[in-house]
Every structure is written in C-alpha cells, then in structure tokens.
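Here's the structure, in structure tokens; my notes come after.
Each ligand, and each atom within it, is numbered from 1 in the order the structure gives.
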Amino acid sequence: MKQEWKLPSLKEAQKRTRREIVVERALFAIPQQARMLGAGRKYLIHTYGCQANERDSETIAGILDAMGYTACDQEEEADLILLNTCAIRKNAEDKVIGELGALKRLKRQNPDLIFAVCGCMAQEEDMVELMLKKYPQVDLIFGTHNIHRLPQLLMQAAMSHERTVEIFSREGEVIENLPVRRFGSHKAWVNIMYGCDKFCTYCIVPYTRGRERSRDMADILAEIRELKAQGYREVTLLGQNVNAYGKDRGGSGFAELLRESARTGIDRIRFTTSHPWDFTDEMIEAIASFDNIMPSIHLPVQSGSSEILKLMGRRYTREEYLTLFHKIRQRIPNCAVTTDIIVGFPNETEEQFAMTLSLVDECRFDGAFTFIYSPRQGTPAAAMADNVPIDVKNRRLQQLNDKIAFYAHARNEAYLGKTVRVLVDGPSKKNDQVFSGYSETNKLVNFTAGDVRPGDLVDVEITEIRSWSLNGRQIAAAQKD
Ligand code: SAH
Ligand code: SF4
Ligand code: F3S
C-alpha cells in the first residue's frame, strides 16, 4: 500500500486558528493520462448525509464523466462504486458499515471492481483505521479535501492494484473550475463556503469538513448566472453556517451575497444552514427586501435551555435565540422557520428538557429535525458522560416530536383557502394525476393540475392541510417563460 497519507487528526484540527492558514484559490484540471481512464467503465455513487455531500457527489459525478466513465444504477454493472459517507451520528456510520459488508460479494464476482469510500467518515481517524484493518474490499479512501485529486487517485488504484488512501488534514484551499453533473433539472445546490469553525461541542463537522473557507463572491455569482442561463429556477446557497460567509476573508458578507444573488434575477434563492450567532439585521433586511429570496429559514436551536446551550458551545442563550426569532417573524411575517433539536445531551435534566418544550411552544416552528444525542469520538462532548438513559432519551424524543407535529399542522392551517406559488417537481410518487412541488415557504404541496411540467411555477389554491404537506388545485395557467 502506498503510504502517501496521514491519518486525520482531531487534535490537530482543534488547534487551528484563523491566522494560521491562508485560503488559496486553485483551479482544477484532469491530467492528460487520466482522461480516458473511464472509457467503457461504469460507476455508481451512494450518497449519505447532508446537502454538502449531495453537492460533492455532483462534483464527483462531473469528474468521472469528464474521465469518460458512464453512470449506471445497478451495483452488479458497476466497475467503480463510491460510498460518499456521513459521520454526524453513529447510526449514519452504521449504515455505511452495513453497506461495506453487503458489497463484499460484488468484489468476489468482479475482482476488477474498484470500491471507494469518501466523505465525512473518511476524515475520521478511527473509521479509516477500521476500514484498513477490517474491510480489505475497500480499494480507495479519500477525504473531503481530496475530491479534486480523484483522477490521480483512480489512476493509482487502477494501475497499482494496491489500496490507495489520501486524506489531507491540510484544508486551506478552495478549488474552482470543478466539473459538475447536476442531479436536478430545475433546482441546484451552490456551495458558498466549506467547513465550519463553530466547534459546537457535540459536532464532528469542523473536523471532517475542516476550517471555514468562503468562495469568492464573483465565482458564486457566475455559477448562479450560468444556472439561470441553463434554465434552472432555484438555487440553494450551501454552507454549514451560511451567515458566517465572508468572515474568513474580511470581505463582503452574507447580506451582500444575498442581495447580489437576488439581482441575478433567478426565480428562487434559498440558503441553508443558518446559525443564530452570525445572523445580522442586515441579512433579515435583505431576505425581506427581495421577492426572489424565499421566506424560509432553517434556524437550528438545538436546546431551549441556556445551560445546555452553553455546554453545547452554541454561543447564544435561549433569550438571544428568541429575540432573533421574533425579529425575523416580525420583519418577514410569512417566513417559515424550521429548526434542529438534540435531546439527551449529557446531563440534560427533566427541567432543561422542559425548557426545550416551552421554547417550541413559543416559536411554533413550521417543522424540525429532532435527534437523540450521539457521542462523536474526539469532540469535547464525548468526554462528558453520556448519562441520560436511553429510555429517557426515547421518551423525550417522542414528546418533542408530538409537539413539533402539532405546531407544523397548526402553522399549515393558515394556508387553507389561500393561494401559494409552487415550483413543480413532477408527478407525485403515489399518483401520476397529482403533481408535487414546494411553495415559497418550502411547504410540500400536492395538487391537481392540467398540463404542467417540472420546473414550471404555478399558483395553487390550498384545499386541505396535513402536518407535513398541503393539498390543492392549480388555479392559473402554468408560466412557461
Ligand atoms: N451546520 C448545521 C448543522 C449540521 S449537522 C448547524 O449548525 O445547524 C445537522 C444537525 O445534526 C445539527 O443541527 C444537530 O442538531 C445534529 N447533530 C450534530 N451532531 C450531533 C450529534 N453528535 N448527536 C446528535 N445530533 C447531532
Ligand atoms: Fe456542527 Fe455547530 Fe458547525 Fe453546525 S455550527 S456544523 S452544529 S459545529
Ligand atoms: Fe454528515 Fe458530513 Fe454532512 S458528517 S451531515 S455529511 S457535513
């Protein structure tokens, strides 16, 4: 095995400071010898985790297409299988470990199959060690900072028939000019920044994704303009912490980026994820001022108890969160707000959990992703005793979910009899006479209509509500440019 790698080190990652590393902008290119490597070969990518991984898989697909590979959807047909993995909670890792075992048989059937693991698990010391020791079927492991090196790595793996591992802990680069194969035809992800510097005490992301680095605004705007020219209707600006955009380079910030993105004239702009700490009034103003910035904000709170928030390292109190929340709902009255909540953080008492429930009562969120705390090796919280019994965690999760569903339904009631504009995704999965899409406030809408196509913007009258969707019928002819 080629030893051109170093295990990722959580300790090293924790030491980084802003001043130490200069963000470099570098351009991607495929070496001449790698250009035809994929001719006659097929690939398949399994993507786990969040939108950052979805977007990375689009880049990986773009690189493979440029190397002559063709995509396929049957594992048995593939010459190259990539697992783009997630490490956020233990169950995310367990899924991948299960898949590694299940795919072993394919290697027996096709010894030339190249089996690659990338994404966030590939940045974790213990996971890389586990794969090296216990999963000889894995030929190639590469980290989230090494995607642009895929052509060289595949050449190495294919030619040497040796295991190839490359994981940089070095993380100062922003690579531009990467090819991309978009998986959607009218909605696209646009990275605005990589990494995270928040170091919430429970979270693995600052280690797996590295330090926060923002892309040049000119590169982002050029990507949005190109998408618009290609007929895309909606972009989602992506970052772990979009409100911190630009802070690493001291230039324009997220409010400016929002305004400039809106001025490209693309129909819809979304963004995720927001962190309360960096959310300024100027950003609220920008969202309120442009019709093409969608009134829908994902604003994770994690807990309603200031004591737990402090232990989580979230940098805001319950009161500060609520102040921001009410400011948003006041300035953008129709804004949908969703959140993330963790239950069973170390030492979370019944009273502290009750504070979370009362915060949900006050905010009446449009929806929430709720999680049971999962210790992640190397994070500060993992050193605290995971001391809330599992049955208590399960009960709290259930109680919280019931409340979240109650308010999701209550918030949706306001839509009954109203008309919403929907970006059509296509016929619904259950019934091809019914179409589905998302409203401006990011509500899933199922509706009956005449001749509509994916990417059309249509007006729908809401006739029935559910907790997680709205039903209705189209009332105006589709806009067809
Ligand atoms: N950058 C985003 C979220 C990234 S992870 C943010 O800060 O909001 C998505 C969600 O997973 C988090 O908001 C959190 O609620 C949850 N999460 C992260 N680490 C976790 C852990 N160790 N255990 C349980 N849930 C976790
Ligand atoms: Fe994780 Fe916190 Fe960064 Fe979100 S802001 S990715 S929860 S460290
Ligand atoms: Fe998972 Fe990595 Fe995203 S850990 S949630 S894929 S940033």
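Remark: ligand 2 atoms within the under-4.0 Å shell around heavy atoms of His275 are 5 (S). Atoms of ligand 2 found under 4.0 Å from any heavy atom of Cys200 (numbered from 1 in listed order, with element): 2 (Fe), 5 (S), 7 (S), 8 (S). Taking every heavy atom of Pro300 and a limit of under 4.0 angstrom, the matching atoms of ligand 1 come to 8 (O). The contact set between ligand 2 and Tyr202, taken as ligand atoms under 4.0 Å from a residue heavy atom, comprises 7 (S). Near Asn53, meaning under 4.0 Å from any of its heavy atoms, are these atoms of ligand 3: 6 (S). Those atoms of ligand 2 that come under 4.0 Å of a heavy atom in Phe199, given as number and element, are 8 (S). Proximity to Pro206 (heavy-atom distance under 4.0 Å) selects the following atoms of ligand 2: 8 (S). Ligand-side atoms of ligand 1 in range of Arg376: 22 (N), range being under 4.0 angstrom from any heavy atom. Close contacts between ligand 2 and Val205 involve ligand atoms 6 (S) [criterion: under 4.0 Å to a heavy atom]. Listed by number with element, the atoms of ligand 1 under 4.0 angstrom from any heavy atom of Arg314 are 7 (O).
With respect to atom 1 (Fe) of ligand 2, the closest heavy atom belonging to the protein is Cys203 SG, 2.3 Å. With respect to atom 3 (Fe) of ligand 2, the closest heavy atom belonging to the protein is Cys196 SG, 2.3 Å. Ile88 CD1, 3.5 Å is the protein heavy atom nearest to atom 5 (S) of ligand 1.
Residue Asn241 places no N or O, backbone or side chain, under 3.5 Å from any N or O of ligand 1. Looking at Gln302 next to ligand 1, an N or O pair under 3.5 Å apart turns up. At under 3.5 Å, a nitrogen or oxygen of Tyr202, whether backbone or side chain, sits near a nitrogen or oxygen of ligand 1. Considering backbone and side-chain atoms alike, His275 places every N or O at 3.5 Å or more from each N or O of ligand 1. An N or O contact shorter than 3.5 Å links Ser374 to ligand 1 by distance.
Inter-residue side-chain proximity for Ile63 and Ile60 is flagged as unmet; no heavy-atom pair is nearer than 4.5 Å.
Atom 4 (Fe) of ligand 2 has its nearest heavy-atom neighbour, among Lys198, Arg314, Glu212, Met312, in Arg314. Proximity annotation for atom 17 (N) of ligand 1: of Arg209, Lys90, Arg89, Arg89 comes nearest, heavy atoms only. Proximity annotation for atom 24 (C) of ligand 1: of Ile372, Thr379, Ile204, Val242, Ile372 comes nearest, heavy atoms only.
Counting heavy atoms under 4.0 Å from ligand 3, residue Cys86 touches it through both backbone and side chain.
Annotation: cation-pi geometry not satisfied between Arg149 and Phe142 (NZ/CZ under 6.0 angstrom from ring centroid, within 45° of ring axis). Within the cation-pi definition used here (under 6.0 Å to the ring centroid, within 45° of the axis), Arg55 does not qualify as a partner of Trp189.
The aromatic rings of Tyr321 and Tyr316 lie tilted to each other, with the angle between the two planes from 30° to 60°.
At a cut-off of 2.8 Å, Cys50 coordinates atom 3 (Fe) of ligand 3 through an N, O or S atom.
For Arg211 and Asp248, the salt-bridge test fails: no basic side-chain N is under 4.0 Å from an acidic carboxylate O. With respect to the salt-bridge test (charged N to carboxylate O, under 4.0 angstrom), the residues Glu223 and Arg182 qualify. Between Lys90 and Glu93 no salt bridge is recorded (no basic side-chain N to carboxylate O distance below 4.0 Å). One finds no salt bridge joining Arg314 and Asp340 here, because no Lys/Arg side-chain nitrogen approaches an Asp/Glu carboxylate oxygen to under 4.0 Å.
Ala52 does not count as a contact of ligand 3, since none of its heavy atoms falls under 4.0 Å from the ligand. Residue contacts with ligand 3 include Gln240, since one of its heavy atoms falls under 4.0 Å from the ligand.
Of the candidates Thr264, Asn191, Val235, Leu257, Leu257 is the only one forming a side-chain contact (heavy atoms from CB on, under 4.5 Å) with Ile220.
The two residues Asp278 and Ala244 come nearest to each other via the heavy atoms OD2-CB, 3.6 Å.
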